[in-house]
Q: 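Okay, handing you the structure first.
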There are 2 protein chains.
Amino acid sequence: MQAVTTTATTFDADRVFAALADGTRRDIVRRAMAGEQGIVELSAHYPMSFAAVQKHIAVLERAGLVTKARVGRRKVVRTNVEAIRMAQRLLDRYEQLWRDRIGRMSALLDAPGTDITGTDATEDMHR
Amino acid sequence: MQAVTTTATTFDADRVFAALADGTRRDIVRRAMAGEQGIVELSAHYPMSFAAVQKHIAVLERAGLVTKARVGRRKVVRTNVEAIRMAQRLLDRYEQLWRDRIGRMSALLDAPGTDITGTDATEDMHR
DNA sequence: GCTAGATACAACCATATGGTTGTATCCATG
DNA sequence: CATGGATACAACCATATGGTTGTATCTAGC
């Protein structure tokens, strides 16, 4: 039972979402998710210079979405699925807020006598 | 049973992720998910001009994450939870690719006699 | 220890982004 | 129907981003 590399990911939402906001980078993530990819091989798929692909990979790396590792004389790109999961959890939280609100609305409709005052929705959650 | 407004969202992943790559905009989404928000009230929360907040809302709107609607003399910002869900699904697909790969690896370990040739992982899915 | 393949990085350019201020438009209400 | 509160939008600036080319470094293998 080989220990799965616990990459203790720190999540920078700005960097992660910005990294995902580019089709080329999403395609790199997709390919690397399906199996680790060499950098030269990756760059062959895109209509841009090798250096440009390197930069895209660097952006993904800074966001914590991928890591690079030496394999012989080259380097391969591996994904960090944890970063994707953290992004998912963030979106889940937003969706949950929405769900909660819909829940409150239904509750009000079901119990028309309930006092509404005090349901100030603008409490500070922040961060 | 009131019909939920089916906003038939078209998903532009670039715009959606770019819109989410900013703390102020994520906070606006968060607040609006919990309950529709007036623009003036929103802008009071952030250390920037009213016009800057307007621009952020415009970015969210172009990404399809929020809509604006008149209410009396002002406008309110409402979220489009479908856009969030589509982003989630995209991330789900990436995670699934990873899961599939792990599954294939386990399968190979469990059945050591299997022929591996032909498992070229670089097939074109694109988009 | 040279050499060539692979990767890294710097300098540069064009355009996009996030902020500002100022002005114009819209609309509920006296 | 004039007014003022609320929103929209244009012009401008600084910095970030996505691409290029060119040069430097690293490493496996002869």
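Residue numbers begin at 1 in each chain, while the letters A, B, ... track the order of the sequences. Keep in mind it's a predicted model, so treat the numbers as computed, not measured.
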Q: Reckon A/Lys75 touches a base, only the sugar-phosphate, or nothing at all at heavy-atom distances under 4.0 Å?
A: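 Sugar-phosphate: the residue A/Lys75, judged by heavy atoms under 4.0 Å, touches backbone atoms but no base.
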Q: Nearest 0.5 Å please: distance from the CZ atom of B/Arg89 over to the CZ atom of B/Arg93.
A: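 Answer for the CZ-CZ pair, B/Arg89 versus B/Arg93, is 9.0 Å.
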Q: How do B/Lys68 and A/Phe50 order along DNA chain D: which one's closest nucleotide is nearer the 5' end?
A: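 In this pair, the answer is B/Lys68.
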Q: Charged N to carboxylate O below 4.0 Å: is that the case for A/Arg62 and A/Asp12?
A: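 No, this pair does not count.
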Q: Under a 4.5 Å cut-off applied to non-hydrogen side-chain atoms, are B/Arg31 and B/Leu42 in contact?
A: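 Yes. Closest side-chain heavy atoms under 4.5 Å.
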Q: Would you say that A/Val77 contacts A/Ile39 through its side chain, given a criterion of any heavy-atom pair below 4.5 Å between the two side chains?
A: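 Yes, close enough: below the 4.5 Å cut-off.
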Q: Would you compute the distance between atom CG of B/Leu60 and atom OG1 of B/Thr79 and round it to the nearest 0.5 angstrom?
A: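 Output value for this atom pair is 10.5 Å.
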Q: Using a strict 4.0 Å threshold on nitrogen-to-oxygen distance, state whether B/Asp22 and B/Arg26 make a salt bridge.
A: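 Salt bridge flag = no for B/Arg26 with B/Asp22.
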Q: List the steps and the verdict of side chain to side chain donor-acceptor pair (under 3.5 Å) for B/Gln96 and B/Asp100.
A: CA-CA 6 Å; B/Gln96 191 59 45; B/Asp100 289 349; 3.0 Å; yes
Q: Which letters describe nucleotides 25-30 of chain D, given B = protein heavy atom under 4.0 Å from base, S = only from sugar-phosphate, - = neither?
A: --SBS-
Q: Quick one: list whatever passes side chain to side chain donor-acceptor pair (under 3.5 Å) with B/Glu41, sequence neighbours left out.
A: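 Here the qualifying residues are B/Arg74.
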Q: Walking along DNA chain C from 5' to 3', note the first and the last nucleotide with an atom under 4.0 Å from a heavy atom of chain B, and give both.
A: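 It runs C/dG18 to C/dT29.
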Q: Give me the residues of residues 12-22 of chain B where at least one heavy atom lies under 4.0 Å from an atom of DNA chain C, by number, or none.
A: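 Within residues 12-22 of chain B, no residue comes under 4.0 Å of DNA chain C.
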Q: Need to verify one output field. Residue with the more 5' nearest nucleotide on DNA chain D, B/Gly38 or A/Val53?
A: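 The residue mapped nearer the 5' terminus is B/Gly38.
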Q: By nearest nucleotide on DNA chain C, pick out whichever of B/Arg25 and A/Val40 is the more 5' one.
A: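 Closest to the 5' end, via its nearest nucleotide, is A/Val40.
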Q: Can you list the residues that meet the side chain to side chain contact (heavy atoms under 4.5 Å, CB included) rule with B/Ala87, with sequence neighbours excluded?
A: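 For B/Ala87, the residues satisfying side chain to side chain contact (heavy atoms under 4.5 Å, CB included) (neighbours in sequence not counted) are A/Leu91, B/Phe11, B/Val16, B/Phe17.
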Q: Mind checking side chain to side chain donor-acceptor pair (under 3.5 Å) for A/Arg25 and listing every partner two or more places apart, or none if nothing turns up?
A: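 Only A/His56 meet the side chain to side chain donor-acceptor pair (under 3.5 Å) criterion with A/Arg25.
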